[in-house]
Amino acid sequence: MKRVNTMGEFDSYFLLDTDSVRRYAVDALRLFSPGEELVSEEIGDGNINYVFRVRSLRDGRSVIVKQADRLLRSSGRPLDQNRSAIEAAALKLEGELAPGLVPEVYAYDPVMAATVMEDVSAYRNLRLELMDNRVYPHLSENLSSFMADTLLPTTDLVLDAEEKKRRVQFYTNPELCKITEDLVLTEPYYDYKGRNIITPGNEDYVRDVLYLDEELHAEVAQLRLGFMNNAQALLHGDLHSGSIFANETGIKVLDPEFAFYGPMGYDIGNVLGNLFFSWANKIFAQPDTPENAAALDALETCIAEIFDKTREKLAEQYNRLVTLPLYRVDGFRIKWLADVMADAVGYAGTEIIRRTVGDSKVMEITSVTDPEKRIPMERALILLGTVLIKNRAGIREGRELTEQFHWILA
Ligand code: ADP
Ligand code: MG
């Protein structure tokens with residue numbers, strides 16, 4: 001990684017803007033020469049951080065500078081800046097474990113809480129790509145590789161035990177985990193902060209299916225405590241379709257600022273869960289055209305393949321990387337993998353539910369404004385979420401996972 005020159009203007013923290021980020025790229029990062037004409041813009045679309053692109057008019061070279069402010073961009077509430085050190089380290093590690101599938105990290109500057117990285121603007125937000133029916137055939141291969149390659153090698157099954165504990169310590173990310181613990185794993189079932197946003201007409205449905213179902217609560221409690229206690233692997237932590245960028249040639253995974261040691265099913269479940277929004281949107285809100293039908297077909301195949309290929313690649317890696325004889329006995333190995341995949345199905349369920357009733361909704365839902373479509377679409381998603389949570393141990397194949405939604409839609 002490049003060294004950052006922190007003398008002068010950039011010797012203590014301040015929030016960058018499009019002017020200072022150009023000086024930063026020249027004086028602190030020395031990525032461009034003094035005299036070189038540069039253009040810069042702020043391209044962040046998230047609600048947490050600031051993302052700048054700086055580009056040379058001389059040769060078109062560009063870099064991304066992502067800065068974490070002390071305050072949340074959306075609400076102004078304070079948020080631990082150390083998240084940016086965690087993000088930069090996680091991104092770098094993911095790049096080593098899954099080469100080519102994340103932007104390259106050029107430098108990390110703890111003073112400015114800034115990560116300097118490769119500009120991957122040639123790739124586009126997967127959520128938008130799927131909305132536009134671009135369901136790339138390579139997605140299941142690349143996403144399953146990303147997960148298997150970044151997750152299994154960071155576990156106690158593979159890593160030296162002391163090194164693993166140092167990493168658990170470094171990647172302890174309490175404030176970002178609390179966001180997930182509250183918004184994903186508590187409030188959709190127990191709205192104690194009154195932050196859920198329920199579409200008018202669905203109040204009774206949400207009360208009966210989410211707030212009053214004790215059997216569901218018992219399962220969510222298990223997933224919640226698993227998220228908090230099962231320091232199994234270094235997770236990306238926020239692996240929704242808006243953190244995945246894609247084009248015809250491949251994918252780039254961005255934004256691991258929620259990285260921490262948790263259950264690997266959480267990452268896998270986030271990927272799987274988010275794909276169902278696109279499916280639901282096409283079924284409930286898009287016309288029945290041949291293009292939409294083809295995209296639906298491809299999406300369903302993609303979901304099933306991600307499940308199957310992730311499991312297969314984890315099994316293959318396990319065979320290759322895990323050496324302790326105790327861990328290699330079938331009686332343990334098979335159950336371990338089944339538990340990971342059951343977690344994945346469960347966390348897919350919690351993700352689907354929180355994006356439907358929580359305040360962090362997805363565009364596939366919010367773009368549907370006609371209540372005649374929105375109400376049944378949300379109900380189908382909520383029901384799917386509960387079915388996945390409750391039946392998670394019984395779903396063993398990708399096609400069994402997609403079947404669950406077919407039954408609900410039937
Ligand atoms: P936040 O943590 O605020 O959610 P993200 O890391 O998701 O920030 O980045 C916000 C947006 O900035 C992304 O959706 C993407 O459009 C753009 N972006 C971030 N990193 C890069 C990059 N390396 N190359 C190109 N665009 C990027
Ligand atoms: Mg983001």
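Residues take their numbers from the sequence shown, with the count starting at 1. Not measured: the values here are computed from a predicted model. Start at 1 and go down the list; that is how both ligands and their atoms are numbered.
- For the pair Thr172/Pro174, a side-chain contact is recorded, criterion being any heavy-atom separation below 4.5 Å from C-beta on.
- Among Thr249, Ile244, Val253, Leu254, the single residue meeting the side chain to side chain contact (heavy atoms under 4.5 Å, CB included) criterion with Tyr123 is Thr249.
- Atom CG of Leu143 sits about 5.0 Å away from atom CD1 of Ile306, to the nearest 0.5 Å.
- Contacts between Glu118 and ligand 1 below 4.0 angstrom, taking non-hydrogen atoms only, involve the backbone exclusively.
- At under 3.5 Å, a nitrogen or oxygen of Asp255, whether backbone or side chain, sits near a nitrogen or oxygen of ligand 1.
- When each atom of ligand 1 is checked for a heavy atom of Asn49 under 4.0 Å away, the hits are 1 (P), 2 (O), 3 (O).
- Note on ligand 1: Phe245 sits in its first shell, one or more heavy atoms being nearer than 4.0 Å.
- Look at Arg195 and Asp359 and you find no salt bridge, because none of the NZ, NE, NH1 or NH2 atoms lies under 4.0 Å from a carboxylate O.
- Ligand 1 lies within reach of Ile64, whose nearest heavy atom is under 4.0 Å from it.
- Taking a cut-off of under 4.0 Å to the non-hydrogen atoms of Val51, the atoms of ligand 1 that pass are 9 (O), 10 (C), 12 (O), 18 (N), 19 (C).
- Residues Met117 and Glu104 fail the side-chain proximity criterion, which asks for heavy atoms closer than 4.5 Å.
- Against a heavy-atom cut-off of under 4.0 Å, Met117 is close to the following atoms of ligand 1: 23 (N).
- Distances between N or O atoms of Val120 and those of ligand 1 include at least one value under 3.5 Å.
- Leu16 has its side chain within reach of Phe10: a pair of non-hydrogen atoms, C-beta onward, lies under 4.5 Å apart.
- Of all atoms in ligand 1, listed by their number and element, those nearer than 4.0 Å to a heavy atom of Asp119 are 24 (N), 25 (C).
- Close approach of ligand 1 to Ile43 (heavy-atom distance below 4.0 Å) involves ligand atoms 12 (O), 17 (C), 26 (N).
- The shortest N/O to N/O separation between Glu87 and ligand 1 does not fall below 3.5 Å.
- For ligand 1, the atoms closer than 4.0 angstrom to any heavy atom of Asp45 are 10 (C), 11 (C), 13 (C), 14 (O).
- Between the CZ atom in Arg224 and the OG1 atom in Thr350 there is a gap of 11.5 Å [rounded to 0.5 Å].
- Applying the 4.0 Å criterion to heavy atoms of Ser121 picks out, from ligand 1, the atoms 25 (C).
- Here the CH2-CG distance, from Trp279 to Leu275, works out to 10.5 Å after rounding to the nearest 0.5 Å.
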Salt bridge (Lys or Arg N to Asp or Glu O under 4.0 Å) evaluation trace for Lys335 with Asp339 = CA-CA 6 Å; Lys335 177 169 189 312; Asp339 287 348; 2.7 Å; yes

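- A salt bridge does not link Arg83 to Asp80: none of the charged nitrogens lies less than 4.0 Å from a carboxylate oxygen.
- Applying the 4.0 Å criterion to heavy atoms of Glu257 picks out, from ligand 1, the atoms 2 (O).
- Of the options His240, Lys66, Glu104, Arg127, the smallest heavy-atom separation from atom 8 (O) of ligand 1 is shown by Lys66.
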